[in-house]
Number of protein chains: 2
Amino acid sequence: MTLSEEDYIKAIYHLGKGENSIVSTNEVAEQMSTKPSSVTDMVKKLSDKGVANYKKYKGVCLTEYGLKVALTLVRKHRLWEVFLVEKLNFAWDEVHEVAEQLEHIKSEKLTDSLDKLLGFPQVDPHGDPIPSKNGEFKKAVKKLLNEIPVGTSGTCVGVRDSSAPFLKFLDKNKIALGDTILVLEKEEFDGSLYIQVKGEDIRISDQIAANLYLKITE
Amino acid sequence: MTLSEEDYIKAIYHLGKGENSIVSTNEVAEQMSTKPSSVTDMVKKLSDKGVANYKKYKGVCLTEYGLKVALTLVRKHRLWEVFLVEKLNFAWDEVHEVAEQLEHIKSEKLTDSLDKLLGFPQVDPHGDPIPSKNGEFKKAVKKLLNEIPVGTSGTCVGVRDSSAPFLKFLDKNKIALGDTILVLEKEEFDGSLYIQVKGEDIRISDQIAANLYLKITE
DNA sequence: ACAAATATTTAGATTTGTCTAAAATTTGAT
DNA sequence: ATCAAATTTTAGACAAATCTAAATATTTGT
Ligand SMILES: [Mn+2]
Ligand SMILES: [Mn+2]
Ligand SMILES: [Mn+2]
Ligand SMILES: [Mn+2]
């Protein structure tokens, strides 16, 4: 599998939301910042290789084998992210670009040794679950902060957007994975929230709340 | 710089024996297992990019900038080799292929953090020196075992051939970097040596002796 | 149901890196 | 100094991955 093929496989996987549903040419093109025509060419090739199922004009999804490849890539990506944060003291907004390269390194022994060195972590620095060697992982039970009723509290377990600007915003506002957040008040007009984090009461916009996952603590 | 360009730069560097001497098209082709015509195409491109100096029919060498690029690649390659051995318990004959991939990862912060994590090592698992961030490194004063006079002893500091078969042979015969070796006797007929390592007297062929570097102790 | 808008594919071109076969140059043995 | 052998370059082809522009198919709104 070439680096480029691998990136397409990952894109199809992620757009399929872990359900391996059918995704459109345009969605893939958007996700990968390429043109739809390039996607058509590539998914034909992936189909020929037995990695994807592609029907002209109908869309594409991964085969069972393709799904295994995707999970291996996701596993490697997230393990490297943990490595960068835990062992090399990278900030959580600095790891994605490098992991995007490291995920393509071909060595099963390397991946598994890394897993062991890191103590078999279950989640990456953004709260996303890490597939095990045989491709299993538990889908986290988590809800977006903006969908949580007023008065409820939960533990911050992940982010939907893991772009540097968003992660930096969280750092600046002292919101980190593992923190407990209580929803104090919701503004009807713009959907903004008044929340309590580490004793402090702060206001956050709907866009922020729509990108932060909580696990409800009953 | 693409992955392919980087591998050519490294090849030219290594064939230049650290002296940055002029190397021929055929030498590069041999080293990289490609065809001379492919090398011609590539060195033209490297020349256009200001990385190499190429004169038709005369050969190629690196520019000052090209040399810097080469040293960065060598630095990354050897740091990753140390990482694999020290942190992931790879054997010294298993690291080359993986380091060949890892050396192309682009992140200065990654390289320097890795260097720090490893405690700024001076040599890789094969005894080869690791260039510092600014491209400096001491050329080891070392001699091949088959060029050392009878009666002399030295410390094993490196290997010339770092292929798996040779490294495995050394493991099997309990010869490791750091060991003291005393040359007891040299056979005129085939150049084989009788040596003392860790109290044991063993016989090794000329081919073996021609690939093991010692630093003379005294 | 059908036209307009949108999505998707095809056709043809480009870049990168490689190859084979043929031509040109250099080397080195007499 | 000559010329055959070895080396190196050129010419032309190909596969991978991408793009633009044009053609085709699907979806949507009335
Ligand atoms: Mn990637
Ligand atoms: Mn992540
Ligand atoms: Mn390499
Ligand atoms: Mn090495």
Side-chain angles (χ1 to χ4, degrees), chain A residues 1-17 21-62 66 69-70 73 97 100-101 103-106, chain B residues 1-17 21-62 66 69-70 73 97 100-101 103-106:
Chain A
M1 223 61 73
T2 67
L3 188 147
S4 198
E5 287 168 350
E6 289 186 342
D7 280 340
Y8 275 95
I9 290 168
K10 263 200 346 169
I12 296 167
Y13 172 79
H14 281 127
L15 290 168
K17 294 171 179 298
S21 32
I22 292 170
V23 299
S24 75
T25 305
N26 264 19
E27 285 175 296
V28 177
E30 165 88 7
Q31 168 93 4
M32 307 215 22
S33 309
T34 53
K35 301 295 167 180
S37 55
S38 306
V39 176
T40 301
D41 286 349
M42 182 56 93
V43 296
K44 276 182 189 167
K45 188 167 48 151
L46 293 178
S47 226
D48 290 346
K49 283 198 167 190
V51 177
N53 290 317
Y54 165 63
K55 282 274 187 292
K56 251 194 198 185
Y57 293 104
K58 295 308 177 193
V60 66
C61 66
L62 297 175
V69 174
L73 288 165
E97 191 195 355
E100 201 58 48
Q101 301 175 61
E103 71 193 356
H104 302 288
I105 303 293
K106 283 161 185 59
Chain B
M1 222 62 73
T2 68
L3 189 147
S4 198
E5 287 169 348
E6 288 186 343
D7 280 339
Y8 275 94
I9 290 168
K10 263 201 347 172
I12 295 167
Y13 171 78
H14 281 128
L15 289 167
K17 293 170 180 299
S21 32
I22 293 169
V23 299
S24 74
T25 305
N26 264 20
E27 285 175 296
V28 177
E30 164 88 8
Q31 167 95 3
M32 307 213 24
S33 309
T34 53
K35 302 294 167 179
S37 54
S38 305
V39 176
T40 301
D41 286 349
M42 183 56 92
V43 296
K44 275 181 189 167
K45 188 167 49 152
L46 293 178
S47 226
D48 290 347
K49 283 198 165 190
V51 176
N53 290 317
Y54 164 65
K55 280 275 189 292
K56 252 193 197 183
Y57 292 104
K58 295 308 177 193
V60 65
C61 66
L62 297 174
V69 175
L73 288 165
E97 191 196 355
E100 201 58 48
Q101 300 175 59
E103 70 193 357
H104 302 287
I105 303 294
K106 282 162 185 58

### Message
Is the phosphate of D/dA6 approached by B/N26 (side-chain N or O, under 4.0 Å from OP1 or OP2)?
### Response
no
### Query
Under 4.0 Å between a side-chain N/O of B/T40 and OP1 or OP2 of D/dT9, yes or no?
yes
Under 3.5 Å, which donor-acceptor pairs do the side chains of residues 52-59 of chain B form with other protein atoms, sequence neighbours left out?
none

### Query
With A/E30, which residues qualify under side-chain contact (heavy atoms from CB on, under 4.5 Å), at least two apart?
none
[X] [atom1] to [N] [atom2]: how many Å, rounded?
X: A/K49; N: D/dA16; atom1: NZ; atom2: C1'; answer: 10 Å
X: A/K55; N: D/dT26; atom1: NZ; atom2: P; answer: 14 Å
X: A/E30; N: C/dT6; atom1: CD; atom2: C1'; answer: 15 Å
X: B/D48; N: C/dT15; atom1: CG; atom2: C1'; answer: 15 Å
X: A/E27; N: C/dT6; atom1: CD; atom2: C1'; answer: 14 Å

### Summary
The reported gap from NE2 in A/H14 to CE in A/M32 (rounded to nearest 0.5 angstrom) is 12.0 Å
### Query
Could you state the interatomic distance from CD (A/E6) to OG (A/S4), rounded to the nearest 0.5 Å?
9.5 Å
### Query
Which heavy atom in B/L62 sits nearest to a heavy atom in B/A70, and how many Å separate them?
CD1-CB, 3.9 Å
### Task
Would you check if A/V28 and A/L15 make a side-chain contact, meaning some heavy-atom pair closer than 4.5 Å?
yes
### Query
What string of B, S and - do you get for nucleotides 18-26 of chain C, 5' to 3', when a contact is any protein heavy atom under 4.0 Å?
BBB---BSS
